[in-house]
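This report concerns only the one structure given below.
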Amino acid sequence: VLLKRGDTWEGQGITAVSGRSGTEPSVVASYGPDSDRPTLRGDGSRIGLGRRSAVSHAVVMGIDIYRSGMDPDSPDYDGEGGKGGISISSGNNGPMKNILVEDCRLRFAAASCTGAALMKNVVFRRNLVLDHYTPHGHTQGFWGSHGSILVEECIVDHNGWLYRNVPENKGKPGLANMLSHDTYCTQMYSTIFRGNLFLRAASISNKFTANYGPGSVKDVVLDDNLYVEGEIAVSMGGNRGEPLRWVNCRAVNNVMLDIGRGQPLGRGLGSGIGAQDWDGGEIAGNLFLHQQSSTVRNVHGLTVGCSETCTDVGTHMRNVTIHANVFHGLKNARMALHIKESGRMNAITIEGNLFQFAGVPKTLVKTDGLGPGLIFRGNVYDSAADPGQWFAVGETMLSFEQWVTESGEQGARREKIDFPDTNRGIETYMASLGKTPTFEAFITEVRNQSNTNWRKEFTAPVITDWIREGFGVTILEHKRALCV
């Protein structure tokens with residue numbers, strides 16, 4: 001199926017079919033000299049891959065899906081919801097393999113990946129998922145359930161909300177709420193999010209859940225993504241109290257900027273990564289940066305440990321390495337690293353991290369206890385806080401010297417790192433390109449990405465590399481995730 005670029009179809013749904021092989025796929029794509037994608041417009045505009053019957057060897061490329069009835073700036077606006085978007089599902093008839101969805105733009109529409117049967121080599125690449133919301137209740141721009149997928153170099157922006165949830169917007173449709181996110185995935189396996197831009201989520205940029213006990217989620221990797229605004233960048237824990245639910249998961253090389261700044265829910269929450277109940281994995285090479293708002297006051301960098309709802313006394317988190325992360329410029333942070341339920345943790349190694357709170361008079365590490373389950377080694381510490389307030393163990397505040405004694409940390413250093421350029425962020429990046437140095441101008445640029453107008457300077461890997469240069473660090477190449 002080939003649609004002419006620049007043309008529009010009203011309320012049109014397309015169901016993809018299986019191709020002959022990986023080298024001879026079925027294709028839903030576009031043709032013609034126009035640079036604009038062909039548009040499926042209105043309620044019912046959707047592309048489906050699978051569900052009722054198994055689909056493999058299929059490509060969907062370069063299609064615009066626009067639910068105009070949900071766009072307040074459209075003459076079609078009715079705010080009634082309806083259906084539309086892209087769905088990838090192995091259903092019960094799988095397996096599903098060799099699926100590529102690339103260069104599609106979803107406006108006020110969502111994407112999903114679900115699978116009751118095996119999924120292999122399913123790729124969602126260079127797509128734009130923009131402005132999806134529901135008039136009432138909660139939603140997300142990308143939904144995943146029991147599936148396996150590579151999500152790569154996508155722009156996922158402003159999903160889960162239409163209006164800020166503040167008193168002056170009371171009664172309006174599409175208010176931001178704590179259950180609406182850029183992405184929401186449950187029970188996933190062999191899934192990679194790599195090189196994406198996750199921007200302005202209603203609450204959480206990447207929300208993951210694992211609700212069926214130990215081993216519910218396996219081999220999920222978040223690699224070299226850029227997160228800006230929203231309330232929380234990544235949540236991979238919580239919801240349930242069972243131990244060891246997340247097996248061999250990794251969050252590596254990600255950059256988090258200005259989390260909490262937009263305050264879509266009108267509350268002052270800004271948190272980087274939450275990871276609880278993990279069974280093996282690493283959190284490494286991430287940069288937690290630039291929380292500068294004076295009204296965002298509930299700020300955390302990294303939170304690890306046991307879910308707050310756990311009741312048993314066994315090991316809930318084990319064999320996790322937290323290393324080579326940078327914490328800097330988190331104004332109003334309650335702490336850079338928060339460890340909960342340390343007595344239920346085993347073989348957790350925290351080494352080679354840079355805890356740098358110059359100009360931020362706050363605690364660096366807070367833990368409810370110290371013991372053989374926690375291994376601290378070779379971290380570098382600095383804070384503008386009173387020297388006796390740098391660390392907290394339970395209710396006891398400690399100085400650096402007391403911390404080294406109590407924790408037994410080997411190779412710890414009290415040192416202020418002289419980074420090359422700590423002001424690097426979105427606005428200064430735009431200035432370096434000779435562009436208008438605002439976040440709004442950046443949003444405009446990334447929303448114009450397409451295969452006919454693909455500019456590497458507006459992709460996550462290029463931007464994150466530039467920011468890392470300002471902190472004198474490089475990507476952990478030897479830890480890069482492989483494709484699904």
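FYI, side chains are in, hydrogens and waters are out, and symmetry mates aren't considered; it's all heavy atoms of this structure.
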Salt-bridge test for [X] and [Y]: reply yes if a basic N is under 4.0 Å from a carboxylate O, no otherwise.
X	Y	value
Asp277	Arg245	yes
Arg126	Glu102	no
Arg37	Asp103	yes
Arg200	Asp157	yes
Asp224	Arg194	no

Exercise for the section: Evaluate the salt bridge (Lys or Arg N to Asp or Glu O under 4.0 Å) criterion for residues Asp223 and Arg250: first the C-alpha distance (whole Å), next the side-chain angles of each, then the deciding distance (0.1 Å), finally the verdict. Expected result: CA-CA 8 Å; Asp223 182 16; Arg250 296 165 57 207; over 6 Å; no
Practice task
For Ser68, enumerate each residue passing the side chain to side chain contact (heavy atoms under 4.5 Å, CB included) test, keeping only those at least two apart in sequence or located in another chain.
Solution key: Arg41, Tyr66, Ser74, Asp76
Problem - Results of side chain to side chain contact (heavy atoms under 4.5 Å, CB included) for Pro95 - residues two or more places apart only - result: Leu118
Nearest atoms (heavy-atom pairs only) where [X] meets [Y]:
X	Y	value
Asn379	Gly352	OD1-N, 3.2 Å
Gln449	Phe458	NE2-O, 3.5 Å
Val55	Ile99	O-CD1, 3.9 Å
Glu282	Trp278	O-CZ3, 3.9 Å
Asp382	Glu415	CB-O, 3.4 Å
Ala109	Ile65	CB-CG2, 4.2 Å

Practice task
Could you name each residue pair satisfying salt bridge (Lys or Arg N to Asp or Glu O under 4.0 Å) that touches residues 456-467, not counting sequence neighbours?
Solution key: Asp465-Arg468
Neighbour count above 12 (heavy atom, 6.0 Å) for [X] [atom1]:
X	atom1	value
Lys218	NZ	no
Lys172	NZ	yes
Asp418	CG	no
Met61	CE	yes
Lys366	NZ	no
Arg164	CZ	yes
His138	NE2	no

Would you say the side-chain atoms of [X] and [Y] include a donor-acceptor pair closer than 3.5 Å?
X	Y	value
Ser450	Thr452	yes
Gln187	Ser145	no
Arg46	Ser87	yes
Tyr227	Asn206	yes
Asn239	Lys207	yes
Glu231	Ser203	yes
His57	Asn98	yes

Look up atom [atom1] in [X] and atom [atom2] in [Y], then write down how far apart they are to the nearest 0.5 Å.
X	Y	atom1	atom2	answer
Cys104	Ile63	SG	CD1	6.0 Å
Ser216	Met188	OG	CE	13.5 Å
Ser112	Ile88	OG	CD1	7.0 Å
Asn332	Ser293	CG	OG	7.5 Å
Ile443	Glu440	CD1	CD	8.0 Å
Arg107	Asp71	CZ	CG	8.0 Å

Is the distance between the ring centroids of [X] and [Y] less than 6.0 Å?
X	Y	value
Phe208	Phe193	yes
His328	Phe288	no
Trp161	Tyr133	no
Phe124	Phe142	yes

Exercise for the section: Could you tell me which residues satisfy salt bridge (Lys or Arg N to Asp or Glu O under 4.0 Å) with Asp258, sequence neighbours excluded, listed by chain and number? Expected result: Arg261
Exercise for the section: Go through the structure and list residues passing salt bridge (Lys or Arg N to Asp or Glu O under 4.0 Å) with Lys435, not counting sequence neighbours. Expected result: Glu445
Donor-acceptor pair, distance only, cut-off 3.5 Å: does the side chain of [X] make one with the backbone of [Y]?
X	Y	result
Asp182	Phe198	no
Ser383	Lys362	yes
Ser18	Ser56	yes
Asn254	Leu287	no
Thr464	Ala460	yes
Asp219	Tyr189	no

Problem - side-chain contact (heavy atoms from CB on, under 4.5 Å) partner of Met256, chosen from Leu330, Leu226, Leu289, Ile273 - result: Ile273
Handout entry: Sole residue of Asp7, Leu2, Thr8 in side-chain contact (heavy atoms from CB on, under 4.5 Å) with Lys4
Key = Asp7
Exercise for the section: Check step by step if side-chain hydrogen bond (donor to acceptor under 3.5 Å, both in side chains) holds for Thr114 and Ser89. Expected result: CA-CA 5 Å; Thr114 60; Ser89 177; 3.1 Å; yes
Problem - Residues that Thr459 engages under side-chain hydrogen bond (donor to acceptor under 3.5 Å, both in side chains), provided they are two or more places apart - result: none
Handout entry: Residues Thr139, Thr134; criterion side-chain hydrogen bond (donor to acceptor under 3.5 Å, both in side chains); working and verdict
Key = CA-CA 6 Å; Thr139 190; Thr134 184; 5.9 Å; no
Practice task
Evaluate side-chain hydrogen bond (donor to acceptor under 3.5 Å, both in side chains) for Thr436 paired with Thr438, printing each intermediate quantity in order.
Solution key: CA-CA 6 Å; Thr436 303; Thr438 65; 5.8 Å; no
Exercise for the section: Go through the steps to decide whether Val59 and Val28 satisfy the test side chain to side chain contact (heavy atoms under 4.5 Å, CB included), and finish with yes or no. Expected result: CA-CA 6 Å; Val59 173; Val28 178; over 6 Å; no
